[in-house]
Amino acid sequence: MAVCQNFPTFAAANKLIGRWCNGNTTGFGSVIPGSNPSRPTTKTTSKNNHMMTNPFSLEGKNAWITGASYGIGFNIAKAFVAAGIKNIIFNDINEEALKRGLDNYKEAGIDNVKGYVCDVTDENAVKNLVAKIHEEVGQIDILVNNAGIIKRIPMHEMKRAEFQQVIDVDLVAPYICSAAVIPEMMERREGKIINICSMMSELGRETVSAYAAAKGGLKMLTRNICSEYGEYNIQCNGIGPGYIATPQTAPLRERQADGSRHPFDSFICAKTPAGRWLDPSELGGPAVFLASHASDAVNGHVLYVDGGILAYIGKQPK
Ligand code: NAP
Ligand code: GCO
């Protein structure tokens, strides 16, 4: 408020800011040339217009979410639909998984969805899939790199091939899928990429060396895509889920033979200020934020959705 009062009118302030940005007086909504003529120009008009309406709306957008038959990816898809998305595109690794996914969407009453079989570690398959999506659905406005695997094996017992497989799915595949959609996003001067990271992007624990190495790498890939393509108005951010109740973590929640809780289940609840596992639907809101114009100024960030685990030293002894 105080700052505004220093300017005679909003229009005058707009002109002044326009001069800072452009070296001319056209103000907001104009094209801002970069200092290097070979660099792209960034339009500000559309973003400001969206702020006038609903900045969280995904109307008119197509989103491709990898490995979204169930679990976190499927729940992100449901949140995108609630935010008005035009089309959801998802892929899974084989026909059986795809069918299960299509049944889940049908049951949820979602019909603006198209599913494909594609292994995200296969570069040619991904290129073919992207071409097919363009042909059958349209442009890809939003990519969510969600497909992921984990292997819980002590590192000294892990085979090199097992380590490599986790790196391939959790780190190399997000590179393959991002590289496949970035050219069209550069051309349109607009795009959103969301990488599903993990708390293991920050922390280690016994038996998950490959997963932590991959997810730590994914955090840095996120920052690098931001650094390299931010000037094309592409935002690449991560979501770092905490402990989420999905099939991936089911073995950590299994009841013991005597009916008691799995020790890891109790451990996680004690480590989480929220005192519970999170539900995959709780990733929906953060994903909509990072997919929408509401986050146009957020880039290279990992948003941890962990019920507070990373902020917490743990319960103090009584
Ligand atoms: P999930 O239930 O195991 O789902 C992962 C999906 O990815 C599955 O549909 C899986 O297919 C698919 N997939 C695996 N490899 C693939 C490949 N090569 N090509 C295509 N699809 C493939 O996992 P989630 O718990 O929903 O996790 C989703 C993402 O969040 C993962 O990246 C995971 O690491 C991350 N994450 C999960 C948690 C958690 O607590 N659950 C926490 C932090 C981060 P099939 O299983 O059908 O073969
Ligand atoms: C594990 C879990 C984790 C979570 C998640 C944490 O074995 O510790 O599977 O790795 O899935 O990624 O954020």
Side-chain angles (χ1 to χ4, degrees), residues 64-78 89-105 115-123 125-126 129 144-154 164-174 176-177 194-219 221-222 238-254 262 264-265 267-268 271-272 276-284 286-287 302-310:
W64 170 26
I65 310 175
T66 67
S69 292
Y70 58 91
I72 291 175
F74 174 64
N75 278 274
I76 288 177
K78 283 203 287 187
I89 303 121
F90 78 97
N91 68 288
D92 216 316
I93 193 153
N94 55 37
E95 284 292 347
E96 196 193 329
L98 179 72
K99 190 182 170 314
R100 192 157 44 122
L102 288 171
D103 289 347
N104 284 339
Y105 284 93
Y116 297 92
V117 172
C118 177
D119 177 345
V120 285
T121 64
D122 179 339
E123 196 172 1
V126 167
L129 173 61
V144 183
N145 284 308
N146 166 75
I149 58 168
I150 190 165
K151 288 185 190 294
R152 299 182 185 99
I153 306 171
Q164 188 67 55
Q165 194 193 350
V166 176
I167 299 288
D168 282 348
V169 179
D170 293 359
L171 178 59
V172 180
I176 292 174
C177 297
I194 301 173
N195 290 327
I196 305 301
C197 298
S198 160
M199 277 185 353
M200 271 63 204
S201 300
E202 301 292 337
L203 300 173
R205 88 165 185 85
E206 299 88 333
T207 75
V208 297
S209 56
Y211 185 79
K215 295 293 187 177
L218 188 56
K219 175 181 75 177
L221 181 67
T222 302
I239 292 180
Y243 278 84
I244 317 295
T246 69
Q248 195 236 56
T249 52
L252 306 175
R253 282 176 283 111
E254 256 167 25
H262 194 296
F264 198 89
D265 179 358
F267 165 69
I268 285 305
K271 285 293 277 182
T272 311
R276 60 176 176 86
W277 287 73
L278 306 185
D279 187 84
S281 62
E282 293 178 291
L283 278 315
V302 179
L303 176 53
Y304 289 98
V305 184
D306 64 353
I309 298 180
L310 285 175

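First listed ligand is number 1; within each ligand, the first listed atom is number 1.
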K.L.:
Is Val208 in polar range of ligand 2, meaning some N or O pair under 3.5 Å apart?
P.N.:
no

K.L.:
Please name the pair of heavy atoms, one in Gly115 and one in Leu98, separated by the smallest distance, quoted to 0.1 Å.
P.N.:
C-CD1, 3.4 Å

K.L.:
What atoms in ligand 2 come closer than 4.0 Å to a heavy atom of Tyr211?
P.N.:
5 (C), 10 (O), 11 (O), 12 (O)

K.L.:
Do Asp265 side-chain atoms and Glu254 backbone N/O form a donor-acceptor pair below 3.5 Å?
P.N.:
no

K.L.:
Could you list the atoms of ligand 2 found under 4.0 angstrom from a heavy atom of Arg152?
P.N.:
1 (C), 2 (C), 7 (O), 9 (O)

K.L.:
For Val208 and Arg152, which heavy atoms make the closest approach, and how far apart are they?
P.N.:
CG1-CG, 4.1 Å

K.L.:
Looking only at heavy atoms, is any part of Asp306 under 4.0 Å from ligand 2, and if so is it the side chain, the backbone, or both, or is it neither?
P.N.:
neither

K.L.:
Got the closest protein heavy atom to atom 2 (C) of ligand 2, with its distance?
P.N.:
Tyr243 CE2, 3.5 Å

K.L.:
If you count the atoms of ligand 2 from 1 in the order shown, which ones are under 4.0 Å from a heavy atom of Ile150?
P.N.:
1 (C), 2 (C), 7 (O), 9 (O), 10 (O)

K.L.:
Give me the atom names and distance for the closest heavy-atom approach of Pro286 to Val305.
P.N.:
CG-CG2, 3.8 Å

K.L.:
Within ligand 2, which atoms have a heavy atom of Thr249 less than 4.0 Å away?
P.N.:
9 (O), 11 (O)

K.L.:
Report yes if Gly242 has an N/O atom closer than 3.5 Å to an N/O atom of ligand 2; otherwise report no.
P.N.:
yes

K.L.:
Does Arg205 approach ligand 2 within less than 4.0 angstrom via side chain, backbone, both or neither, non-hydrogen atoms only?
P.N.:
side chain

K.L.:
Roughly how far, to the nearest 0.5 Å, is the NE2 atom of His262 from the CD1 atom of Ile268?
P.N.:
11.0 Å

K.L.:
Taking atom CD as the centre, does Glu96 end up with more than 12 heavy-atom neighbours from other residues, nucleotides or ligands that are less than 6.0 angstrom away?
P.N.:
no

K.L.:
Keeping Asp168 on the side-chain end and Thr121 on the backbone end, is there a donor-acceptor pair under 3.5 Å?
P.N.:
no

K.L.:
Is a side-chain N or O of Thr66 found less than 3.5 angstrom from the main chain of Ala147, in a donor-acceptor match?
P.N.:
yes

K.L.:
Just checking, is any N or O donor in the side chain of Thr222 or Asn195 under 3.5 Å from an acceptor N or O on the other one?
P.N.:
yes

K.L.:
Determine the minimum heavy-atom distance between Ile244 and Asp279, stating which atoms define it.
P.N.:
CG2-C, 3.9 Å

K.L.:
If you have a sec, work out which protein heavy atom is nearest atom 13 (O) of ligand 2 and how many Å separate them, to one decimal?
P.N.:
Pro241 O, 2.7 Å

K.L.:
Is the backbone of Ile196 close enough, under 3.5 Å, to the side chain of Asn146 for a donor and an acceptor to pair up by distance?
P.N.:
no

K.L.:
For atom 11 (O) of ligand 2, what is the nearest protein heavy atom, given as residue, atom name and distance?
P.N.:
Gln248 OE1, 2.7 Å

K.L.:
When you look for protein heavy atoms under 4.0 Å from ligand 1, which residues do they belong to?
P.N.:
Gly67, Tyr70, Gly71, Ile72, Asn91, Asp92, Ile93, Ala97, Arg100, Cys118, Asp119, Val120, Asn146, Ala147, Gly148, Ile149, Val169, Ile196, Cys197, Tyr211, Lys215, Pro241, Gly242, Tyr243, Ile244, Thr246, Pro247, Gln248, Thr249

K.L.:
Applying ring-ring contact (aromatic ring centres under 6.0 Å, His included) between Phe90 and each of Phe74, Trp64, Tyr105, report the one that passes.
P.N.:
Tyr105

K.L.:
Give the numbers and elements of all ligand 2 atoms closer than 4.0 Å to a heavy atom of Met200.
P.N.:
6 (C), 10 (O)

K.L.:
Does only the side chain of Thr207 get under 4.0 Å from ligand 2, or the backbone, or both, or neither? Count heavy atoms.
P.N.:
neither

K.L.:
Looking at non-hydrogen atoms alone, which of Gly204, Ser198, Cys197 comes nearest to atom 5 (C) of ligand 2?
P.N.:
Ser198

K.L.:
If you look at every heavy atom in Asp92 and Ser69, which pair is closest and at what distance?
P.N.:
OD2-OG, 2.6 Å

